[in-house]
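Data first, discussion second: the structure below is written as structure tokens.
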Amino acid sequence: MYCEASSEALYNVNDQAVESKVERLTDVVERIGESVISTSETVEVLASHIDQMRQQTAHNHNSVMALAEAVRVLASGQQDILVRLDQLVCTLQVLATSDEGTNTPE
């Protein structure tokens with residue numbers, strides 16, 4: 001009888017230890033699940049932000065390309081103006097030189 005009683009007590013202690021470990025493991029699994037869900041939500045938010053940044057970068061790229069083209073056109077126009085001014089200066093110098101020859105005092 002003593003053996004049976006101590007054997008039952010040993011099983012009860014072992015059952016309680018197993019139940020305690022199962023409860024702790026269940027708690028750990030629940031925490032891991034919550035962490036996975038939280039991480040998934042964070043990744044979704046980050047993915048959304050990255051997509052917004054990608055769209056903004058593409059828009060900025062297009063704006064920079066348009067600005068570069070506008071600067072190129074302005075520079076080309078500036079070059080044409082400088083050529084024309086140079087021609088005008090030459091023409092004015094020719095006119096001034098020819099006018100000097102006709103306006104000599106007699």
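- Here His49 contributes atom NE2 and Leu46 contributes atom CG; the two are 6.5 Å apart, rounded to the nearest 0.5 Å.
- For Arg54, the side-chain hydrogen bond (donor to acceptor under 3.5 Å, both in side chains) test picks out Asp51, with sequence neighbours left out.
- Thr39 places a side-chain N or O within donor-acceptor distance of the main-chain N or O of Ser35, the cut-off being under 3.5 Å.
- Grouping Ile, Leu, Val, Met, Phe, Trp and Tyr by side-chain contacts under 4.5 Å, direct or through others, puts Ile32 with Val28, Val36.
- Pairs engaging residues 26-36 under the salt bridge (charged side-chain N to carboxylate O under 4.0 Å, His left out) rule: Asp27-Arg31 [sequence neighbours left out].
- Here Met65 contributes atom CE and His61 contributes atom NE2; the two are 5.0 Å apart, rounded to the nearest 0.5 Å.
- Between the OG1 atom of Thr42 and the CD1 atom of Ile37 there is a distance of 11.5 Å, given to the nearest 0.5 Å.
- A search for side-chain hydrogen bond (donor to acceptor under 3.5 Å, both in side chains) contacts involving Gln56 returns nothing, not counting sequence neighbours.
- A salt bridge (charged side-chain N to carboxylate O under 4.0 Å, His left out) check over residues 55-74, counting only residues at least two apart or in different chains, returns the pairs Glu69-Arg72.
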Side-chain atoms of residues 74-88: list all donor-acceptor pairs with protein atoms under 3.5 Å, sequence neighbours left out, distances to 0.1 Å.
none

